[in-house]
Structure formats: structure tokens, C-alpha cells
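Below, each value reflects all heavy atoms present in this structure, side chains not excepted, and no hydrogens, waters or symmetry copies. These figures come from a predicted structure and were not determined experimentally. As the structure lists them, so they are numbered: ligands from 1, and atoms in each ligand from 1.
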Amino acid sequence: MAIVELKNVAKRYGSSGNNAVDNFNLTTRDGEFVVLVGPSGCGKSTTMRMIAGLERNTGGEILIGERDVSEVPPKERDIAMVFQSYALYPHMSVAENMAFSLKLKKRPAAEIKAKVDEAAQTLGIEKLLDRKPRELSGGQRQRVALGRAIVRSPQVFLMDEPLSNLDAKLRVDMRAEIVKLHKRLKVTTFYVTHDQVEAMTMGERIVVMKDGEIQQTDTPINLYEHPANRFVAGFIGNPSMNFLRARHASGLLEGEGFRLALDEPHARTMASRGGDVWVGVRPEHLTDAADERCHVTGEVEVVETLGAVTVVQLRVGESIVTAQLAGHRQIAVGERLTLGCPSDKLHLFDVETDDVIARGSVSAMDAVTT
Ligand SMILES: Nc1ncnc2c1ncn2[C@@H]1O[C@H](COP(=O)(O)OP(=O)(O)OP(=O)(O)O)[C@@H](O)[C@H]1O
Ligand SMILES: [Mg+2]
């Protein structure tokens, strides 16, 4: 276990172009599970490869357990990696695959056997130790790849989209396995995904990245309730937050097809601002209970009946607004629908910078008690 610190870390490939990673600052807790999430090309793998020592950072410094590792080669960083292409050695058995790194380190045979057995037991693959990789299912191979990392008892785990080769059901099972494994082993872990559900369910903290830069580092619930900008707001949460361009005047936000009255804290924040803002409202916060003060009206374009919820898309002026209503609703395409929205669930963003101006004022505690 170790604290990993990244201070102003940057990576530039070659001599021209933008930095693939820029100004990356993060200090983990000892044993923390940190998820890096963001769209393709935002610099997640580059960050992982720099921590591993497979890429040299071109700016800033990386410390593992208080030691600056800039000059330390990968194999001396005490890190184990599980990547998407976790190629197992096809001619070796599961046990031999798992033992390989310890054999290279010339550890005694008894110690290797004990470690492999223990890891196999942790992962529930004791019965597979004599098989070859081709005789395993995708999920079993994934476990072997994890086992290969575990036997090394590293200070830090780096996992870069380790589940992306698995089908949806297996992914859900494996992500729960990895979380359980982390609770047992308590090894500081960096986990990369571009799946925001995976990020939300696995991360103790999540780093949301875009274009090589951190947008926000926070707990899952804070990212959901208090996104720092429009990118994070739209990226975290499914279906995505709706954004409506509105004009603000004395506590009212108005646009074609909607009228939203601000609650007291929002109104105070907005008092000195006129002009346009982006209003963000999550689909699950819209309701079909009438609300005089806060409502959105439009024509229903799509109705998705999922059983537990009904997802509706409304055309509101130029925008499409998605609403997720609890239960099964009888709503017809073409119908005009008015949806209410609690004003304390609105998020307001600057139209120039996309940064948050005022945000959902309900804290996690309030939400539980109300
Ligand atoms: N070896 C390289 N040489 C030059 N540019 C690179 C190299 N590796 C990555 N890049 C660029 O750096 C940026 C970040 O890439 P990176 O692989 O870190 O993204 P990522 O967030 O892991 O994306 P994905 O989700 O697709 O895996 C991209 O613009 C990519 O094209
Ligand atoms: Mg990647």
C-alpha cells in the first residue's frame, strides 16, 4: 500500500501539438480506489502509463510512497498492472501464468505456490489452476489476469479498462468482485473506465478528465449532486442531464416552453446576473406532478417503457428534454405534456465558460431526510 501523488504532471508526445495530459494533480489516500473516467482520447491511459513508468512524464512529478519515481524503471516501482489486452501466455497453465512474475524474481518455490494458491482462492479459480488459457471463459481469463497481479502483492494496482472484453452481465459481476477484492487487499488502486456507471459504482473518488485535463475530482455522490461544470454534469448520470438555454430576470428563468422559478439560494446567486444561462435538470428530477412555479412543456416524441421507469423525450422549443418517470406510465407519442421540477434540483451554468454558477442546493443529508 502507498500514497500516490501526481503534482502538475504533464505528457507531451513528440515536440508539437497539445499535451496529452496537462496539469494533473492528485494525492490518493493510502489504499484508496481512484477511478479515472472520461471520453476516448482524454488521457486516461497516458496517465496510467506514466504512473507505471511505461511513459516518461514531460512535466511535473510522480511520487509513490513519498519517493519520486521519475528515474525509477517500471519493474522497480512495485506496481502491478491489469490492462484491457491482458494477454495470458497460451502455452502456460493458469498456475504457471500466475507464478510467472515471482519466478522471474527467483522467489522460493514454496512461497510461489502459497501465493498462487491464496490468490486462486480469493478469485475462486482454484479448480482451474491446471488448465490452459484457451480452456477458460472470458471471465475466468480475466480472473487469471487479476490473479497474476495479486500474487505480486504490489503497493499499487493499475487497471486500465480490464473488463471491456466481457459481456454486460459478466462486467457487472466482475466489477463487484474487484470492489470486494479491494476491500480485502486494501491496495491503492487506479482504475480506468469510460463507463460512468462503472466509475460511479466502483470509485471511492472519481477523476473526470477531458482533453488531458482534470475537470473535477470528487466522490461519486458529489459529482452527481454538485458537478463543477457542464461537461461533468452531462457525463455523470444516466440518462444525461438536460440543458436548457434560459433568460434570467428577477428569479425567473424562461425560455420557449418552460418557466422555472428559482429557490431562494439560487435567486440570491443570480441576483446580480442578467442575461442567458444554461439550466441543467436531471431526467429523474422531472415529475408529472403539476408545479406552478417550475415546469417544462413540450410534445412527446419518444416513450420508452422499461418497466421500473418510463423514459420520455419531449420537444421543448429547440431542445429535446428527457424525463425519467417512476413506474409504468400511459403516455402517447404526440401528446402535450407538462412536467414539474423541484427548483432546488436545478443546476445553473455560465454560457461562456460552462462553469457552474449555482448548483442543486440539496445536500446528501437533506435528500435522505426529506
Ligand atoms: N504513443 C503516442 N504518441 C502520440 N500520441 C499519443 C500516443 N499515445 C496516446 N497519444 C495521444 O494522447 C491522447 C491521450 O491518449 P490516451 O491513450 O491516454 O487516451 P485514453 O483516455 O486512454 O483513451 P481511450 O478511452 O480511447 O483508451 C490522445 O489524443 C492520443 O491520440
Ligand atoms: Mg485508454
Quiz item: Would you say Thr46 reaches the Mg ion (ligand 2) with an N/O/S atom under 2.8 Å?
Solution: no
Exercise. Measure from atom 19 (O) of ligand 1 to every heavy atom in Gly43, Gly38, Pro39 and give the option owning the shortest one.
Key: Gly43
Quiz item: At what distance is the nearest protein heavy atom to atom 5 (N) of ligand 1, and which residue and atom is it?
Solution: Tyr13 CD1, 3.2 Å
Quiz item: Is Arg247 paired with Asp276 through a side-chain N to carboxylate O contact shorter than 4.0 Å?
Solution: no
Quiz item: When rounded to the nearest 0.5 angstrom, what is the spacing between CD1 in Ile221 and CD in Glu225?
Solution: 4.5 Å
Practice problem: Please report which non-hydrogen protein atom sits nearest to atom 16 (P) of ligand 1, along with the residue it belongs to and the distance in Å to one decimal place. | Solution: Thr46 OG1, 3.5 Å
Quiz item: Between Phe243 and Arg230, is there a cation-pi geometry (under 6.0 Å to ring centre, at most 45° from the normal)?
Solution: yes
Quiz item: Can a non-hydrogen atom of Glu161 be found less than 4.0 Å from any atom of ligand 1?
Solution: yes
Quiz item: Would you say the side-chain atoms of Thr122 and Arg184 include a donor-acceptor pair closer than 3.5 Å?
Solution: yes
Self-check item: Proximal atoms of ligand 1 relative to His194 (non-hydrogen, under 4.0 Å)
Solution: 25 (O)
Quiz item: Does the pair Glu254/Arg259 count as a salt bridge with the N-to-O cut at 4.0 Å?
Solution: yes
Quiz prompt | Cys42 N/O to ligand 1 N/O under 3.5 Å | solution = yes
Quiz prompt | Cation-pi, Phe83 ring and Arg49 (6.0 angstrom, 45 degrees) | solution = no
Exercise. Could you name the option among Ala20, Ser40, Gly41 that has the heavy atom nearest to atom 28 (C) of ligand 1?
Key: Gly41
Quiz item: Side-chain contact, heavy-atom cut-off 4.5 Å: Asn57 with Ile62?
Solution: yes
Self-check item: Heavy-atom nearest neighbour in the protein, as seen from atom 25 (O) of ligand 1, with distance rounded to 0.1 Å
Solution: Lys44 NZ, 2.8 Å
Quiz item: Is the gap between the ring centers of Phe33 and Tyr191 under 6.0 Å?
Solution: yes
Quiz item: Is there a protein heavy atom less than 4.0 Å away from atom 30 (C) of ligand 1?
Solution: no
Quiz item: Does an N or O anywhere in Ser45 fall below 3.5 Å from an N or O of ligand 1?
Solution: yes
